[in-house]
Amino acid sequence: MASGNKTQISAFLLLGLSEEPALQPLIFGLFLFMYLITVIGNLLIILAVCSDPHLHTPMYFFLSNLSFVDICFTSSIIPKMLWNIQTQSKVITYEGCIIQVYFYLLFAALDDFLLTVMAYDRFVAICHPLRYTVIMNPRLCALLVLGSWIVSALFPLLHSLMVLQLSFCSDLEIHHFFCEITWLIRLACSDPFLNNMAVYFRSGILGGAPLAGILYSYSKIVSSICGISSAHGKYKAFSTCASHLSVVSLFYCSALGVYLSFTSTYSSHMSAMVSVMYTVVTPMLNPFIYSLRNKDIKRALKRFFGMEMFVKGTFALGLKNYP
């Protein structure tokens, strides 16, 4: 666009999933329900891991970190969306949009890296079971999580700084329910070439490299499982990976759909709907996927809530007998 169309902006307009007034209460209720389920479900996973000494293992340490990141991921997007629907406002400030871009990209990248670290953990557990406790020691586990945080924080910082250099025109409508970076790039009236290259580079590094690590780990796992003679042994080995594999498939398929929509002729509505899958649905389903068939998590939660009921009962009895 011509430079004369540039304007000093203070806010963007988030058009959301639908502009139909009649649908807003339904969207609000649905997303509030999914958000609460996401937060409660992932908090329960964290409580189970923290409260049960039997779950103080690398696998559950990474799972609790993944649950924390999933809570943060959805919390960087959904509360603002719900607030806009409730107040019947579509406005998000320029600064708020940049901040949302940063944290949304940060936690998306962390999800990616933690899933890769969990794949490596399963690889060591199945392919090198006798050396598992030696390899996956507490120091290495902490370094893997810390490294994931550091790398995940750098790329969003680069994107946010590059977006700050863009000039925007009079069209400030984002056809999405949050400040998705590809939409910000589309709205720019300055040359977005470097920003587009950064998006592709980040997708290749943060998407391709972890995915390659996951595929390599599972190729070794499959090879190791095939070498097990008993059918029961094969089933037991595979069952330890089934939950993780389900989450990986859900996360990558939905994320791939979003970035394919950015490079294709899909409608903005379709892109937003696909985004719902990996920003809301995947974090919501993770606790169910990891706990429904996991006896350790179920046992820890029963023990935790049983202890809570015992403490409350003892406290109530003490008050009753207090003179």
Side-chain angles (χ1 to χ4, degrees), residues 28-82 103-104 106-119 121-122 125 136 138 141-142 144-146 148-149 152 239-252 254 276-316:
F28 180 87
L30 180 61
F31 275 80
L32 177 61
F33 173 76
M34 291 193 292
Y35 179 64
L36 291 176
I37 293 297
T38 300
V39 173
I40 294 170
N42 283 290
L43 276 178
L44 287 176
I45 294 289
I46 295 171
L47 283 174
V49 173
C50 292
S51 64
D52 193 338
H54 296 98
L55 300 185
H56 294 175
T57 63
M59 181 177 74
Y60 292 110
F61 171 69
F62 296 136
L63 177 58
S64 62
N65 275 273
L66 181 68
S67 294
F68 173 74
V69 170
D70 280 341
I71 292 173
C72 295
F73 188 25
T74 53
S75 296
S76 68
I77 297 171
I78 303 304
K80 176 59 179 173
M81 175 192 180
L82 296 176
F103 283 106
Y104 145 69
L106 166 66
F107 294 121
L110 264 172
D111 253 349
D112 207 359
F113 280 114
L114 286 175
L115 288 173
T116 307
V117 168
M118 293 171 76
D121 172 72
R122 293 300 82 207
M136 300 303 296
C141 293
L144 288 172
V145 172
L146 179 61
S148 298
W149 273 93
S152 299
S239 64
T240 64
C241 306
S243 298
H244 177 260
L245 200 55
S246 300
V247 172
V248 168
S249 302
L250 189 60
F251 178 84
Y252 272 99
S254 54
V276 171
M277 284 298 298
Y278 86 103
T279 58
V280 184
V281 176
T282 300
M284 181 185 70
L285 292 180
N286 283 357
F288 295 100
I289 294 173
Y290 278 108
S291 63
L292 284 179
R293 296 180 59 190
N294 193 312
K295 295 180 181 178
D296 294 332
I297 293 288
K298 290 179 180 178
R299 190 182 303 115
L301 287 173
K302 287 179 181 177
R303 189 179 294 115
F304 175 79
F305 285 110
M307 187 179 299
E308 287 288 306
M309 293 299 293
F310 174 76
V311 170
K312 287 181 180 179
T314 305
F315 180 71

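Hydrogens, waters and symmetry mates play no part in the numbers below; they use all other heavy atoms, side chains included. Please read all numbers here as calculations on a predicted model, not as lab measurements.
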For this session: Mind checking the OH-OH spacing from Tyr290 to Tyr60? Nearest 0.5 Å is all I need.
Result: 10.5 Å
Seminar exercise, completed: Heavy-atom closest pair (Cys50 atom, His56 atom, distance to 0.1 Å) is O-NE2, 3.4 Å
Exercise. Looking only at atom types and distance, does a side-chain atom of Ser243 sit under 3.5 Å from a main-chain N or O of Ile289, one as donor and one as acceptor?
Worked result: yes
Problem set entry | Separation of Ile37 CD1 from Leu32 CG (nearest 0.5 Å) | 10.0 Å
Exercise. So do Val276 and Phe31 actually touch side chain to side chain, heavy atoms under 4.5 Å?
Worked result: yes
Problem set entry | Parallel, tilted or perpendicular, as decided by the 30° and 60° cut-offs, for the rings of Phe107 and Trp149 | perpendicular
For this session: Check for a donor-acceptor pair, side chain of Thr74 on one end and backbone N or O of Val280 on the other, with a separation under 3.5 Å.
Result: no
Seminar exercise, completed: In short, Arg122 meets Cys241 closest at the heavy-atom pair CB-SG, 4.1 Å
For this session: Go through the steps for Phe62 and Leu144 under the test side-chain contact (heavy atoms from CB on, under 4.5 Å), then give the verdict.
Result: CA-CA 9 Å; Phe62 296 136; Leu144 288 172; 4.1 Å; yes
For this session: Could you grab the distance from atom CG of Asp296 to atom CG of Leu301, nearest 0.5 Å is fine?
Result: 11.0 Å
Seminar exercise, completed: Taking every heavy atom of Ile46 against every heavy atom of Ser64, the minimum-distance pair comes out as CG1-O, 3.7 Å
For this session: Locate the shortest heavy-atom distance separating Phe113 from Ser152; write the atom from each residue and the value.
Result: CD1-OG, 3.3 Å
Problem set entry | Candidate pair His244 and Leu63, rule side-chain contact (heavy atoms from CB on, under 4.5 Å), full reasoning | CA-CA 10 Å; His244 177 260; Leu63 177 58; over 6 Å; no
Problem set entry | Crowding at CZ, Phe68 (>12 non-hydrogen neighbours, <6.0 Å) | no
Problem set entry | side chain to side chain contact (heavy atoms under 4.5 Å, CB included) partner of Val247, the single match among Asp111, Leu115, Asp70, Leu285 | Leu115
Exercise. Is there a donor-acceptor contact under 3.5 Å from the side chain of Asn42 to the main chain of Thr38?
Worked result: yes
Exercise. Hey, what do you get for CZ (Phe288) to CD1 (Ile45), rounding to the nearest 0.5 Å?
Worked result: 9.5 Å
Exercise. So with a 6.0 Å cut-off around NE2 of His54, is the heavy-atom count from everything else above 12?
Worked result: no
For this session: Would you indicate whether the side-chain heavy atoms of Leu44 and Pro287 approach each other to under 4.5 Å?
Result: no
Problem set entry | For Ala108 against Phe251, the heavy-atom pair lying closest together | O-CZ, 3.8 Å
Exercise. About how many Å separate CG of Leu250 and CG of Asn286, when rounded to the nearest 0.5 Å?
Worked result: 7.5 Å
Exercise. Taking it one step at a time, do Val145 and Phe61 satisfy side-chain contact (heavy atoms from CB on, under 4.5 Å)?
Worked result: CA-CA 10 Å; Val145 172; Phe61 171 69; 3.5 Å; yes
Exercise. What is the distance from atom OG1 of Thr279 to atom CE of Met81, rounded to the nearest 0.5 Å?
Worked result: 9.0 Å
Exercise. Does any non-hydrogen side-chain atom of Ile297 lie less than 4.5 Å from one of Leu55?
Worked result: yes
